[in-house]
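Quick notes on the structure that follows.
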Amino acid sequence: MTAAKSGFLHTYTDQRLAVLEAADLARRYSAKAGWVRDRIDRLLARLENRFIERTLIFRLKTALNKTGSLAAAESHVAWMRGAYASGAMETLPSFVPSGLGLGPHQPQTSPNDAGDEQKHRTKNRPILLYVAGGGFIMPPSRKQKTMVQRLAEAINCEIMMVPHRLAPEHPFPAAPADFAAHYLGLLEDGHRPENIFLAADTAGASIVLGALQMLRKDGADLPAGTILFAPWCDLSLSGWSYITRSMSSQSPFRMETAAFCARLYLQDEPVTSPVASPIFADQTGWPPILIHTSENDLHFDDAIRMAENGQKHGCDVRINYWDSPRHHLERLSSEAAAQSFREVNAFINRHWRPGTA
């Protein structure tokens, strides 16, 4: 990519962000914490990028090159899941003591597994129904679970980290259907929609917003709001950030990795299906959405387009973005992550409507 072309894309993105910022729909934060710490953080981010490239992208390319078939690449998913379970694919320390217990905010595997006492305690306070991203093919990593724990402690809110069926064994729309069922289970259990917030990171955003569309189509009462971290909302990969971040190595992931995961998840479904790629959805009548991301993230354009579409359809979508070099910056403990959690807390307090269950 030429310097002139790169400069054009940068200006084009800045102009779109300026329009959103003028409408108070986007706000930029600085992740810098002094010259030395900033340089260290960027060095660690580059090391993390290389590690992921070696463990994930390189092995995937090797599997494809050996046989030239998608089936061989799909077999690679089994290896990755095993590596996730063992912690072998963890990239960098989360900077949280390993002996720290989950305490009263321990994420639940399913809302229906909670005991009567906890159910009574959570019905009259905000509750987050959370989906961890994993490219639609991976279960939550240890780092994601630790991040959800830190989020729960920071916002003093109950969080239920719910599972969903994984691709390619269970392709679209199994995952959003599972999440919609979890939400309806909360309503049937006596929780008020005004007390429920949906939350997700990366690929989980597609799942959550897909479920939201299913719920709206079926006439269900919708939740109070949605919180998305580094959301992946465009499985067609049409945003410029997919190209520019892949070519510049600013993101630990690559466009071809995203395309591989989308292919396993969608299979025969069109990539522009609004339920799978919410940037193509009509957001009329959706509850408020808060998006947190980094301007260096592979999915950065998805966040911008979600806000632009929200503005078009009358949905309150706000973006807070950082100059952090990290994908999903909340995964690691930092001042930027703490700032992100404070903004989440403010969003919940702004949209929560307490009442009697």
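The residues of the chain are indexed from 1 along the displayed sequence.
The two residues W352 and F197 make their nearest non-hydrogen contact at N-CZ, 3.8 Å. Between S277 and S236, the shortest heavy-atom contact is OG-N, 4.0 Å. Of all the heavy atoms in W232 and G135, the pair that sits closest is CZ3-CA, 4.4 Å. In terms of heavy atoms, D234 sits closest to Y242 at O-OH, 3.5 Å. What you find for M161 and P140 is that their closest heavy atoms are CE-CB, 3.6 Å. Pairing each heavy atom of S241 with each of H299, the nearest pair is OG-C, 4.0 Å.
D178 is not listed as a side-chain neighbour of P163, based on a closest heavy-atom distance of 4.5 Å or more. Looking at I319 and L25, their side chains never come closer than 4.5 Å, going by heavy atoms from C-beta outward. Counting only heavy atoms from C-beta outward, the side chains of I137 and L166 never approach each other to under 4.5 Å. Here the side chains of H182 and V131 are not in contact, with every heavy-atom distance at 4.5 Å or above. Side-chain contact between P223 and P193 is absent, with no heavy-atom pair separated by less than 4.5 Å. Counting heavy atoms from C-beta on, the side chains of I155 and L128 come closer than 4.5 Å.
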Go through L266 and F136 one step at a time and tell me if the side-chain contact (heavy atoms from CB on, under 4.5 Å) criterion holds. CA-CA 10 Å; L266 291 174; F136 309 106; over 6 Å; no

Quick one, W286 with L212, criterion side-chain contact (heavy atoms from CB on, under 4.5 Å). Give me CA distance, side-chain angles, the key distance, then yes/no. CA-CA 8 Å; W286 288 18; L212 186 67; 3.9 Å; yes

Would you sort out whether I291 and I289 count as a side-chain contact (heavy atoms from CB on, under 4.5 Å), showing the intermediate values? CA-CA 6 Å; I291 296 176; I289 299 174; 3.9 Å; yes

Pair T293-D297, side-chain hydrogen bond (donor to acceptor under 3.5 Å, both in side chains): steps then yes or no: CA-CA 7 Å; T293 188; D297 198 275; 4.5 Å; no

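One finds no salt bridge joining R150 and E330 here, because no Lys/Arg side-chain nitrogen approaches an Asp/Glu carboxylate oxygen to under 4.0 Å. A salt bridge does not link R27 to E21: none of the charged nitrogens lies less than 4.0 Å from a carboxylate oxygen.
Aromatic ring pairs are classed by plane angle as parallel below 30°, tilted from 30° to 60° and perpendicular above 60°; the pair F341 and F229 is perpendicular. Under the 30°/60° scheme for interplanar angles, the aromatic rings of Y29 and W322 are found to lie parallel. A perpendicular orientation is assigned to the rings of F172 and Y265, their planes being inclined by more than 60° (bins at 30° and 60°).
The side chain to side chain donor-acceptor pair (under 3.5 Å) analysis of residues 200-223, with sequence neighbours excluded, yields the pairs Y130-D201, Q144-D201.
Side chain of E295 to backbone of F300: no donor-acceptor contact under 3.5 angstrom is found. Side-chain atoms of T146 come within 3.5 Å of backbone atoms of R142 as a donor-acceptor pair (strictly under, hydrogens ignored). Side chain of H191 to backbone of L187: no donor-acceptor contact under 3.5 angstrom is found. Between the side chain of D302 and the backbone N or O of C233, at least one donor-acceptor pair lies under 3.5 Å.
By the ring pair (Phe, Tyr, Trp, His ring centres under 6.0 Å) test, F280 is found to be paired with no residue, residues two or more places apart in sequence or in another chain being considered. With sequence neighbours excluded, no residue forms a side-chain hydrogen bond (donor to acceptor under 3.5 Å, both in side chains) with R350.
Judged by distance alone, the side chains of S238 and R305 do bring a donor and an acceptor atom under 3.5 Å apart. Under the 3.5 Å distance criterion, with hydrogens and angles disregarded, a donor-acceptor pair is assigned to the side chains of H292 and S340.
With N309 as the fixed residue, the side chain to side chain contact (heavy atoms under 4.5 Å, CB included) test singles out one of I279, V317, D282: I279.
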